[in-house]
Amino acid sequence: MVSMNKNIRVRFAPSPTGYLHVGGLRTALYNYLFAKHNGGKFILRIEDTDQSRKVEGALENLIRTLKWAGLEYDEGPDKDGNCGPYIQSERLPIYRQHALDLIKNGNAYYCFCTPERLDDVRKKQTELKRSFSYDRHCREIPLGEAEQRIAAGEKYVVRMKVPLTGEMTFEDAIRGKVTIAYKVLDDQVILKSDGFPTYHLAVVVDDHLMGITHVIRGEEWLPSAPKHLLLYRFFGWDAPVLAHLPLLLNPDKSKLSKRQGDVAVEDYRSKGYLKEAIVNFVAFLGWNPGDEREVFTLDQLIHDFSLERVGKAGAVFNVEKLNWLNQQHIRLLSDETLAEMFRPMLEVKGIRISDEAYFLRVIGLLKEKLTFPQDFGEYSTYFFEEPKTYEEAGIQKYWEPETSQRLTRLAEVFDAVEEFSHTAIETVMKRLADELQIKTSKLIHPARLAVSGKQVGPSLYELMSVLGKETVVRRLRAASKAMKTS
RNA sequence: GCCCCUAUCGUCUAGAGGCCUAGGACACGGGCUUUUCAAGCCUGGAACACGAGUUCGAAUCUCGUUGGGGGCACCA
């Protein structure tokens, strides 16, 4: 049940790369679900501390997609909650001050190594088949000397002073105890020479200042978690609960990437996937309610979500199941909602709806057949205009020499029917089949072809009753004639 | 190379020592719906990576091996 823990605050902190990655959507979703389930706050923060990666319009697009998916945040760039700004590039003085604090208390130091020198070190280490880590060349430069060099205009970065020995053990909410030795960590740059912080500094400072209680993020951050925890300790702050989510994978099990298909939420959106389906699908990549329910709305997810039920192993993004969920969620939408979704599809085909009630009946008839909303445009045209052609394969399969005559007879008997209902149609067709001493299917298949031009579709009796007597009779006669002469 | 994480059907997963000759879903095969399928129903095949322990008993606990993934930037 929803406990009203007002103190819970989580955040989704993407870097604005131009589009929302489905993995990012899942991270955002889990944060959102966790917050909403617990009556807490969900915050959007933009991590744009890499100036070289700036993308025009990325922020707007990100926000639009997040809102489209239904993940409304309580605080963010365009929604203040007294913890702003929520864009890191607008918080530079804060990071600088905190970096200086760390220098003052001896937990960080100025480093003057040039990128060239670091390259050299890296190369040598690679030759020796050793992993790269900074050789701590500047770690012992006295503070006074460093400050003089800065005053003289020398370029510098600030690095955190990682202990040389010992290890960090912490409790991950998903993985349990994780231990990493300090010696495998290097003295991470926390403030770059352009004055921007690196992720490691910014994330810790902001999470603390914004009162974040639970950090729910991708597994790729697990190895650097000790650095963050160390920074909390250096600052004298309590660390939030950490929860590292398993990764989303390509079919070949590598980290989900652009190379192997669509990764942008926008791509799926434009292909006709419903937000409900995408959200439902992505939620189930790493989480499940523990019973056999599979189709969930966002509200149901909020109700049932818990971090305890999040798995540890990576999950392959499998489109087949997403398709199925899309179909399920289309059925869950009301006919009226679908009407607004389908209307434009018909309009581009030059079809304007004049009879709303009729439109809704057509939707009711077809909605169970749809995997994508756009399928409606394809399956429904004969409800709005005369079939222009008859599917060739259908003619081959169902049209016999006697068919034209039979359909003419069918038109005649239909003409005499008072109430053109589903049941009346069925009765009349079966009676005629008896009379002609043929199987009903000898009438049914050609009639469908005549009336819709297609071989497949919803129940023929219902289809005909929706079309109405006039139309059905007219089309039967037209087809009968067309086939006879051909 | 080093470090960390991880391991049940093709895929998503249930399973927290006996309820498991391992359950569900997607996909796939077969059948039914004396009307189609693109819907529905029924049905079939399909998995505990391996090896040692612990235990009366292990998919479940421990260790190791192997496989997979991630990380090791003045990127996030």
Side-chain angles (χ1 to χ4, degrees), chain A residues 13-17 47-50 52-53 88 111 113-115 118-119 122 125-126 128-134 155-159 172 174-175 178-181 183-186 188-200 202-203 218-226 244 246-247 249 251-255 281 284-295 311-325 327 331 366-371 375 378-379 394 397-398 426 429-430 439-445 447-449 454-461:
Chain A
S15 56
T17 52
E47 313 230 323
D48 60 343
T49 54
D50 185 356
S52 63
R53 283 219 206 167
Q88 291 187 328
C111 167
C113 293
T114 61
L118 294 177
D119 271 352
R122 198 187 322 257
Q125 288 178 339
T126 314
L128 291 166
K129 288 195 169 171
R130 294 213 17 235
S131 62
F132 172 74
S133 71
Y134 176 56
K155 282 252 192 187
Y156 67 93
V157 300
V158 175
R159 288 180 183 273
D172 184 279
I174 293 171
R175 286 150 214 290
V178 178
T179 301
I180 294 173
K183 66 177 180 202
V184 305
L185 267 34
D186 68 356
Q188 187 69 51
V189 171
I190 55 174
L191 197 71
K192 301 185 254 186
S193 58
D194 64 1
F196 278 69
T198 58
Y199 171 83
H200 308 285
V203 75
E219 190 187 348
E220 67 267 31
W221 295 112
L222 193 55
S224 52
H244 289 94
L247 261 19
L249 274 23
D252 74 352
K253 304 256 186 184
S254 58
K255 186 176 171 179
F281 176 63
F284 272 67
L285 257 20
W287 174 87
N288 72 80
D291 54 40
E292 274 156 18
R293 292 170 298 155
E294 301 239 46
V295 182
K312 304 177 193 185
V316 173
F317 189 95
N318 167 231
V319 191
E320 304 283 350
K321 196 146 187 180
L322 174 56
N323 291 344
W324 176 76
L325 276 172
Q327 179 191 316
R331 293 174 185 194
L366 284 173
K367 73 195 274 190
E368 298 206 336
K369 301 278 185 182
L370 308 173
T371 297
D375 293 342
E378 204 181 311
Y379 298 165
K397 198 164 164 192
Y398 300 120
E426 182 169 359
M429 285 187 82
K430 285 190 170 156
K439 283 169 70 178
T440 320
S441 61
K442 293 280 185 196
L443 289 176
I444 283 168
H445 294 294
R448 174 187 297 283
L449 212 47
K454 296 182 186 298
Q455 301 183 74
V456 300
S459 155
L460 182 66
Y461 308 132

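Note that the structure is predicted; figures quoted are calculated from it, not measured. In the text below, chain A, chain B and the rest are named by the order of the sequence lines, each starting its count at 1.
Spacing between U65(B) and A73(B) at atom C1', rounded to whole Å, works out to 34 Å. G53(B) and U60(B): their P atoms are spaced 15 Å apart (whole Å). Nucleotides A47(B) and A39(B) place their P atoms 27 Å apart, quoted to the nearest Å. For G17(B) and A59(B), the P atoms lie 13 Å apart once the distance is rounded to whole Å. Using P as the reference atom, G29(B) and C50(B) are 29 Å apart when rounded to the nearest Å. U8(B) and U13(B): their C1' atoms are spaced 9 Å apart (whole Å). As rounded to the nearest Å, C28(B) and A14(B) have P atoms that lie 24 Å from one another. Of the P atoms belonging to U36(B) and C9(B), the separation is 37 Å, rounded to the nearest Å.
When all heavy atoms are compared, the tightest approach of Tyr379(A) to Lys369(A) is CE1-O, 3.8 Å. Of all heavy-atom pairs between Thr198(A) and Lys192(A), the closest is CG2-CG, 3.7 Å. Considering all non-hydrogen atoms of both residues, Ser193(A) and Lys155(A) come closest at CB-CD, 4.2 Å.
Val178(A) comes within contact range of the sugar-phosphate backbone alone, with a heavy-atom separation under 4.0 Å but no base atom that close. Among the protein residues, Arg293(A) comes within range of no part of the nucleic acid, since none of its heavy atoms lies under 4.0 Å from any strand. Tyr461(A) comes within 4.0 angstrom of a nucleotide base, judged by non-hydrogen atoms across all strands. Glu219(A) comes within 4.0 angstrom of a base, heavy atoms only. Among the heavy atoms of the strands, none lies under 4.0 Å from Thr17(A). Nucleic acid contact class of Tyr134(A) (heavy atoms, under 4.0 Å, all strands): none.
With rounding to whole Å, Leu247(A) atom CG is found 13 Å from C4(B) atom C1'. U35(B) atom P lies 9 Å from atom CD of Glu426(A), rounded to whole Å. Distance Asn323(A) CG to A39(B) P: 12 Å, rounded to the nearest Å. Straight-line distance from the CG atom of Leu443(A) to the P atom of U36(B): 15 Å, rounded to whole Å. Rounded to whole Å, atom P of C37(B) lies 14 Å from atom CG of Leu460(A). The CD1 atom of Ile444(A) sits 9 Å away from the C1' atom of U36(B) (whole-angstrom rounding). In this entry the distance linking CG of Leu322(A) with P of A27(B) reads 12 Å, nearest Å. Atom CG in Leu366(A) sits roughly 13 Å away from atom P in A39(B) (whole-Å rounding).
Rounded to the nearest 0.5 angstrom, Glu368(A) CD and Leu370(A) CG are separated by 9.5 Å. We find the CG-CG distance between Asn318(A) and Leu249(A) to be 12.0 Å, quoted to the nearest 0.5 Å. Between the OG atom in Ser52(A) and the CG atom in Asp194(A) there is a gap of 9.0 Å [rounded to 0.5 Å]. One distance of note links CG of Asp48(A) with CZ of Phe196(A); it measures 7.0 Å at 0.5 Å rounding. Rounding to the nearest 0.5 angstrom, the gap separating the CG atom in Leu118(A) from the CZ atom in Arg122(A) is 6.5 Å.
For Glu368(A), counting side-chain heavy atoms from C-beta on, the closest listed nucleotide (U36(B), A39(B), A38(B)) is A39(B). Of the candidate nucleotides C4(B), G40(B), A25(B), C4(B) has the atom nearest to the side chain of Ile180(A). The side chain of Lys369(A) lies closest to C37(B), out of A39(B), U36(B), C37(B).
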Using atom names, set out every protein N or O paired with an N or O of nucleotides 43-47 of chain B below 3.5 Å, distance rounded to 0.1 Å.
none

List every contact pair, protein side and nucleotides 29-33 of chain B side both N or O, where the distance is under 3.5 Å.
none

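Listed by chain and number, the residues in a side chain to side chain contact (heavy atoms under 4.5 Å, CB included) with Asp252(A) are Asn250(A), Ser254(A), Gln260(A) (sequence neighbours excluded). Evaluation of the side chain to side chain contact (heavy atoms under 4.5 Å, CB included) rule for Pro226(A) yields Met168(A), Phe170(A), Ile180(A), Leu185(A) as partners, not counting sequence neighbours.
Between Pro246(A) and Trp287(A) there is no side-chain heavy-atom pair separated by less than 4.5 Å. Residues Glu219(A) and Leu247(A) are in side-chain contact: their nearest non-hydrogen atoms beyond the backbone lie under 4.5 Å apart. You'll find the side chain of Val178(A) stays beyond 4.5 Å of the side chain of His244(A), heavy atoms only. Side-chain contact check for Gln88(A) versus Pro197(A): every heavy-atom pair is 4.5 Å or farther apart.
The nucleotide C37(B) finds no pairing partner, because no Watson-Crick or G-U wobble arrangement with both distances shorter than 3.5 Å includes it. Summarising the base pairing, A49(B) is matched to U65(B) through a Watson-Crick or G-U wobble pair whose two defining distances lie under 3.5 Å. Of the nucleotides present, C28(B) is the one that pairs with G44(B) by Watson-Crick or G-U wobble criteria, both distances under 3.5 Å. Here G1(B) sits opposite C72(B) as a Watson-Crick or G-U wobble pair (both hydrogen-bonding atom distances under 3.5 Å). Of the nucleotides present, C56(B) is the one that pairs with G18(B) by Watson-Crick or G-U wobble criteria, both distances under 3.5 Å.
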Checklist outcome for this item: Counting primed atoms, P, OP1 and OP2 as sugar-phosphate and everything else as base, the B/S/- map of nucleotides 8-19 of chain B against protein heavy atoms under 4.0 Å is ---SBSSS----
Next on the checklist: I need a per-nucleotide contact map over nucleotides 71-76 of chain B, read 5' to 3'. Cutoff is protein heavy atoms under 4.0 Å; write B for the base, S for backbone only, - otherwise.
Outcome noted: SBSBBB
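The aromatic rings of His445(A) and Tyr398(A) lie parallel to each other, their planes meeting at an angle below 30°, with 60° marking the opposite boundary.
Using a 4.0 Å cut-off, no side-chain N or O of Arg175(A) falls inside it from OP1 or OP2 of G70(B).
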Checklist entry - Does the side-chain contact (heavy atoms from CB on, under 4.5 Å) test come out yes or no for Val319(A) and Phe281(A), once each step is laid out? => result CA-CA 9 Å; Val319(A) 191; Phe281(A) 176 63; over 6 Å; no
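Across the interface with RNA chain B, nearest-nucleotide mapping of Glu292(A) and Gly457(A) shows Glu292(A) to be the residue nearer the 5′ end.
Atom NZ of Lys454(A) has more than 12 neighbouring heavy atoms from other residues, nucleotides or ligands inside a 6.0 Å radius.
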